[in-house]
Amino acid sequence: MTSLKAYILLMLTALFYAGNLVVGKPVTSEIPPIFLSFIRYIISLLVVLPIGLREFNQHRSLFVKEWKAIIGLSVTGIVLFNIFVYTALQYTSAINAGIMEASTPVFTLLLSIILLKESVQRRQFIGIASSLIGVVLIVTKGSLAIITGLEFNRGDIFMLAAMISWSFYSILIRQHMWKFPAYGVLMALFIVSLVLFTPMLALEWDQIKTISWSPSIIAGVLYLGIFPSLLALIAFNIGVRELGPTRASVFLNLVPVFTLIGAVVFLNEKATWLQIAGTALVISGVWITNKMQSKK
């Protein structure tokens, strides 16, 4: 029964993360990326504050001592990642974004090899190559002319930047996140990120003044502030506790699948065979690398 609960929670995690792209796509047409990230984390902060404040006060000296880690986690995992993702959704499809986001574990492994000098085995190289080929197919649409002419969709480039930012965040998580209480660190990350977002809002001030706050836009913002920001993290943490990190991370391969379904049903996007092939390559590559990490 415990395993069944973990499976359900991990599937919900993938669903909530896919919803970040499917719901975020129409919301970004009305709200610019920095301001959207700002209000999303105000909502998240208000939700986590009652528990987070108590944990923060209990471990105040730890947070002061580890301030560099808190800033690094905030910049890479919240500020840059969200700005890049929501900017990407202004130019590319939710399907493309979901497929590319699924390859993040492979980029994390590459950075770990480069920065942390982690060893890599031959089959892991196969997994890395498979995922990267899938990403290249999506970015280039299988066209040599796009490669030679350097005429890439700017949304796909921003999504690549988002993946690289999240990969740095993943490395920092591995090195530092275990030190902190679960909700206290979320509160700290949200506060630091909001401080960093605030001066950048001046860049979008003209767009912010013209936002039309329709019921659907408000509902979308509330979803983004609660479900992918908080509930997905909580569900994933429980899943990791029950099944272990390697088995739990496999469920994140469902993100592009749920994104594709949601984009087709709710956004009327059309899935091409190239996108389906790219999805298969990315997921198979992540599965191979995960399997090898598990054996190690």
Side-chain angles (χ1 to χ4, degrees), residues 9 12-13 15-21 23-24 27-28 30-87 89 162 165-166 168-170 172-173 176-205 207-208 211 213 215-238 240:
L9 288 173
L12 286 175
T13 300
L15 185 63
F16 293 157
Y17 282 147
N20 184 44
L21 302 176
V23 175
V27 173
T28 54
E30 186 63 44
I31 304 178
I34 298 173
F35 185 58
L36 176 55
S37 302
F38 180 78
I39 55 177
R40 168 182 171 176
Y41 284 100
I42 285 180
I43 295 169
S44 302
L45 177 62
L46 292 175
V47 174
V48 81
L49 192 61
I51 303 176
L53 186 60
R54 183 173 67 248
E55 290 188 350
F56 181 85
N57 287 331
Q58 291 172 348
H59 301 83
R60 185 185 298 271
S61 59
L62 172 63
F63 284 100
V64 172
K65 178 184 176 183
E66 298 289 344
W67 65 272
K68 291 181 181 179
I70 295 295
I71 291 177
L73 288 162
S74 300
V75 169
T76 55
I78 296 181
V79 177
L80 292 180
F81 176 75
N82 283 282
I83 290 174
F84 288 148
V85 167
Y86 292 137
T87 303
L89 289 173
S165 178
W166 188 266
F168 278 106
Y169 175 68
S170 299
L172 290 174
I173 281 180
H176 299 289
M177 205 66 154
W178 57 271
K179 305 172 185 175
F180 303 105
Y183 297 101
V185 72
L186 287 179
M187 188 197 77
L189 294 180
F190 295 161
I191 291 174
V192 171
S193 299
L194 289 170
V195 171
L196 296 173
F197 279 131
T198 299
M200 291 189 280
L201 294 176
L203 300 172
E204 298 178 344
W205 185 245
Q207 294 170 276
I208 293 170
I211 294 172
W213 292 99
S216 60
I217 292 296
I218 293 172
V221 171
L222 288 172
Y223 173 89
L224 296 175
I226 296 172
F227 288 87
S229 302
L230 273 180
L231 296 186
L233 285 174
I234 294 169
F236 186 70
N237 288 342
I238 295 172
V240 169

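Along the sequence shown, the residues carry numbers beginning at 1. It should be emphasised that the depicted structure is a prediction, and the values quoted were computed from it without experimental measurement.
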message = Return the CD1 to OH distance between I51 and Y183, rounded to the nearest 0.5 Å.
response = 5.5 Å
request  = Starting at OG of S193, measure out to CG of L186 and round the result to the nearest 0.5 Å.
outcome  = 10.5 Å
note = Distance col, row L36:CG vs I217:CD1, nearest 0.5 angstrom, shows 9.0 Å
message = Can you tell me if K65 has over 12 outside heavy atoms packed within less than 6.0 Å of its NZ?
response = no
query = How close do A232 and T13 get, heavy atom to heavy atom, and via which atoms?
reply = O-OG1, 3.5 Å
ask   = Which distance, rounded to the nearest 0.5 Å, do you find between the CZ of F227 and the OG of S44?
value = 11.5 Å
query = Can you find a pair of side-chain heavy atoms, one from L194 and one from F38, that are under 4.5 Å apart?
reply = yes
E55 to G184 - nearest heavy-atom pair and separation = OE1-N, 2.8 Å
task = Have a look at Y86 and tell me which of V27, I31, I34, L224 forms a side chain to side chain contact (heavy atoms under 4.5 Å, CB included) with it.
result = L224
task = Return the minimal non-hydrogen interatomic distance between F190 and I78, and the atom names on each side.
result = CD2-CD1, 3.8 Å
query = Where do L233 and S229 come nearest, in terms of heavy atoms and distance?
reply = CD1-O, 3.1 Å
query = Is it true that atom CH2 of W213 has more than 12 heavy atoms of other residues, nucleotides or ligands lying nearer than 6.0 Å?
reply = yes
request  = Could you tell me the separation between the CG atom of L73 and the CD1 atom of I173, rounded to the nearest 0.5 Å?
outcome  = 6.5 Å
task = Look at the rings of Y169 and W166 and say which category their plane angle falls in: under 30° parallel, 30 to 60° tilted, over 60° perpendicular.
result = tilted
key: Heavy-atom side-chain contact between I234 and L9 under 4.5 Å   = no
task = Search all heavy atoms of P32 against all heavy atoms of I208 and return the closest pair with its distance.
result = CG-CG1, 4.2 Å
query = About how many Å separate CZ of F197 and OH of Y41, when rounded to the nearest 0.5 Å?
reply = 7.0 Å
query = Should V192 and V75 be marked as a side-chain contact (heavy atoms from CB on, under 4.5 Å) after you check the CA-CA gap, both sets of side-chain angles, and the distance that decides it?
reply = CA-CA 9 Å; V192 171; V75 169; over 6 Å; no
query = Heavy-atom distance under 4.5 Å between the side chains of V221 and R40, does that happen here?
reply = no
ask   = Would you find more than 12 non-hydrogen atoms of other residues, nucleotides or ligands less than 6.0 Å from Y223 atom OH?
value = yes
request  = Locate the shortest heavy-atom distance separating E204 from F35; write the atom from each residue and the value.
outcome  = OE1-N, 2.9 Å
